[in-house]
Structure formats: C-alpha cells, structure tokens
Amino acid sequence: MRWCKSTKVIFVVLFSTAIFTVTIHKVPYGHFKDLVNNSMVERFLHGEPCACMERCLAASDDMWFAEHFKKDVPPVLSLNNSAFPDHIFKWWQSLQSRSKANYSQVITELFSVIPGEEWYRDDGPSRCRTCAVVGNSGNLLGSYYGPIIDNHDFVFRMNKAPVEGYEKDVGSRTTHRIMYPESATHLDNNTHLVLLPFKTLDIQWVTSALTDGSIKRTRFKVIDKLQANKDKVMVMHPAFMHYVHNTWLHIKSRRSYPSTGFLVLIFALHICDEVSVFGFGSNSKGTWHHYFEKTPKSFKRTGKHSGGIEHETILELQERKLIDLYTGW
Ligand SMILES: *[C@@H]1O[C@H](CO)[C@@H](O)[C@H](O)[C@H]1NC(C)=O
Ligand SMILES: *[C@@H]1O[C@H](CO)[C@@H](O)[C@H](O)[C@H]1NC(C)=O
Ligand SMILES: *[C@@H]1O[C@H](CO)[C@@H](O)[C@H](O)[C@H]1NC(C)=O
C-alpha cells in the first residue's frame, strides 16, 4: 500500500538510530549480535528485499518455508519459458487423456493471441505488493471482510464465485480470476484471466475462446467465445502446478492434483510480498459449502484433491506468520 514505504523509511531511520545509539553507549557485544540477528536490522544493513512493513515473503528466513518455496519456478507461461523437463511434461500429460496435439505448436498459437512476456518478475526494494486470495467457503458469510479484501493491491477470485450481492463479505474488486475451461465465466476488461491448464486442450481452448470460438467442448460443453481482455490473459505454468503438487504437498499418487484454491495461494506467495487468505476451510459449525449456494449442502471434497495436507499447510503458513489467515464466521 502506498503509505508503507515512507512510513517505513522513517521507522527504519528512527529504529536504526536508536539501536546504534544504544549499542555504542550501553549494550555489550553479545547483545549487539542478537540485535543484528533481528531481521529488521538485517534488512537495513544488507539492503531491503521489498518495501513492505510487515514482511517480504520471498526473502523470509523461515527454514520450513525455504524448504518449500522455490523462487525460480516460473508461475506463468511465457514465450521464453514454455519448454520444460521431460519428467514434468510426462506428469502433466498423465493428468489428461493423451493429447495428440503438438505442444510447441499449441504454445506458438497461444502467444499469437496473448502477451508472451514474463509477468511479475518485478520484486525488489521498491515493491510492496499486497494480495488477497479469496476462496469460496461459506465462512465468508457474515464476516464483513469486504473492505479489508478490497484494500489489497491484487484480489484473486476463483471460477464462478460471484461478487454482486455479497460485497460486504467478499469485497467488490477482482484483479485476477483463476479458472479452467469447465469453470469459466465472462470477465470485464480490467480483470486478468489466469488459466489453470490441466490438459493441452485447455490451452487450445483459451486461444480459441479469445478468437474464433471453434472449440465448444472439452470434457463437456464449455463457453466457446469468452469475453475477456486478451492483453490481460495468462496461463499458469504446468511446471508450477507440478511444483505445488510435489514440493508443497508431497503427493505420491499421479492422478491426484492440488485444488484450485491451493494453487492460487502458492501462486500468490510467488508474485506478492504480503498475502492474506480469506474463505478457506469450513465455517464455525464445521460445514463446508460455497458462500453463494442458496441451500448449503454438506460439501464433500472430491477424491482428486488432497484436502487434509492442503489444510495443514495453510495452518503452518499462518503459524509461521507467512500469511494472514482470516477464518471468517
Ligand atoms: C511440432 O511442431 C513443430 C513446429 O511448430 C515441429 O518442429 C515439431 O517437429 C513438431 N513435433 C512433433 C512431435 O510433431
Ligand atoms: C526472452 O529472453 C531473451 C534473452 O534471454 C530476452 O532478450 C528477451 O527479451 C526475452 N523475451 C521476452 C518476451 O521476455
Ligand atoms: C479493453 O482494453 C484494451 C486494452 O487493454 C482496449 O484496447 C480495449 O478497447 C478495451 N475494451 C473495452 C470494451 O473497453
């Protein structure tokens, strides 16, 4: 947020002046070392990884986080990074019924329609990007989180999750909507579409849906002509999905893959400096349902998602103060 940086500069100046004054006059050397280990001072002495007050995710010194977070895995497909290792390609292909399409041709066609640039490789000392990941849980109802959610730079929503009529609880802004062909919905001109490609055909679909609309079915009938701003469309990198599957969830089974919500959460960790998470998990009565379902049914997770590990990982991230988890109502 805009005020962060100047406030922080003042704070750092005051804080460091205070430390050095104290150090020189009163504190013995051992204590000085403790102070220097403080990450705030570390940042001051070694240059700052980002401009946020609270945290800079990519620069976290948490050991558990460092074991999971691989900064170099590209979150989004680009012209330059679309080739990836064989074993990952095999994994990705195993999620789908075998595709006869020529992947490199599919990619060439994709980037003749959407931008092929590297998105969001702009982290550094002058950036403080705050992000809200908004899941679809019924625990949002009655939460009054709307204004808190809207106060983030990026607001991520998933699939068809509506905003209209739920603004006070879920907010009104959407900067990114993450979806796959079977869950797609039309977007306004300012919203980024982030496609989750579970199969080659999904990439072919987005190319088609933004142009001639020739693909009308994937697993079933889908939107053939999508309203969306072509210049704001991106495709999550299949290698990123593999990394979430392998490194974050340690999933052994080939046929299971991460949920959309979890993929988006890790995506946010990679492109944002601070991440707040809303609308994940059950409500206070232990019921799982979508906030936009009129009559909440008990919501059963599908066998393909690994809800248990995902939930534990989110709690771990919260415990280690790497995200702010809003548990709702
Ligand atoms: C896929 O298409 C590219 C050209 O875009 C071609 O060079 C390559 O040989 C093709 N691969 C296969 C397996 O057909
Ligand atoms: C791709 O990489 C080359 C060199 O690594 C670079 O010069 C070029 O700008 C990159 N293209 C895009 C679209 O990012
Ligand atoms: C949407 O935005 C693009 C630029 O990204 C612009 O060229 C186009 O005219 C806009 N369309 C509408 C309907 O506002």
Side-chain angles (χ1 to χ4, degrees), residues 70-122 176-184 186-187 189 191-249 251-258 260 263-264 266-267 270-271 304:
K70 306 293 174 220
K71 188 169 189 279
D72 293 336
V73 181
V76 176
L77 272 176
S78 78
L79 256 178
N80 272 354
N81 72 14
S82 65
F84 51 97
D86 229 28
H87 72 282
I88 298 182
F89 192 73
K90 285 211 179 89
W91 171 82
W92 186 52
Q93 292 286 309
S94 77
L95 298 177
Q96 51 191 309
S97 43
R98 201 156 289 285
S99 168
K100 291 198 185 67
N102 179 327
Y103 173 76
S104 67
Q105 247 163 35
V106 168
I107 291 297
T108 305
E109 283 160 19
L110 173 74
F111 289 123
S112 69
V113 175
I114 71 167
E117 71 198 62
E118 300 264 353
W119 292 93
Y120 307 133
R121 292 279 162 158
D122 57 349
H176 297 70
R177 193 172 279 275
I178 292 82
M179 55 204 201
Y180 42 94
E182 297 84 1
S183 73
H186 297 297
L187 302 181
N189 209 33
T191 305
H192 289 277
L193 159 60
V194 183
L195 178 80
L196 291 186
F198 289 105
K199 48 193 182 301
T200 312
L201 182 57
D202 296 349
I203 300 180
Q204 293 171 284
W205 169 79
V206 82
T207 307
S208 157
L210 295 168
T211 54
D212 64 358
S214 58
I215 297 180
K216 303 187 189 304
R217 298 182 66 88
T218 54
R219 281 191 289 125
F220 44 81
K221 198 167 180 298
V222 291
I223 293 181
D224 53 355
K225 286 215 167 194
L226 189 71
Q227 287 160 31
N229 185 338
K230 285 191 189 82
D231 298 335
K232 293 191 177 236
V233 176
M234 54 191 94
V235 177
M236 188 180 281
H237 203 302
F240 190 83
M241 297 166 75
H242 176 262
Y243 146 76
V244 175
H245 168 98
N246 249 33
T247 309
W248 280 93
L249 299 176
I251 301 175
K252 299 290 188 290
S253 149
R254 291 176 72 83
R255 301 283 312 174
S256 85
Y257 46 79
T260 302
L263 283 167
V264 177
I266 306 300
F267 185 72
H270 277 252
I271 71 172
K304 289 202 170 189

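Order of listing sets the numbers, starting from 1, for every ligand and every atom in it.
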Item to complete: Pull out every atom of ligand 1 sitting under 4.0 Å from any heavy atom of Ser104, numbered as shown with elements.
Response: 1 (C), 2 (O), 3 (C), 5 (O)
Practice prompt. Please work out whether the ring planes of Phe198 and Tyr257 are parallel, tilted or perpendicular, with thresholds of 30° and 60°.
Written response: tilted
Item to complete: Look up atom 13 (C) of ligand 1 and tell me if a protein heavy atom lies less than 4.0 Å from it?
Response: no
Worksheet item: Do the two ring centres, one from His237 and one from Phe84, sit under 6.0 Å apart?
Response: yes
Worksheet, complete the sentence: Here the pair of heavy atoms bringing Trp205 nearest to Ala184 is CH2-CB, 3.7 Å
Worksheet item: So, Ser78 and Asn80: side-chain donor and acceptor under 3.5 Å apart, yes or no?
Response: no
Fill in: Heavy-atom nearest neighbour in the protein, as seen from atom 10 (C) of ligand 1, with distance rounded to 0.1 Å
Asn102 ND2, 2.4 Å
Fill in: Protein non-hydrogen atom below 4.0 angstrom of atom 5 (O) of ligand 1 present
yes
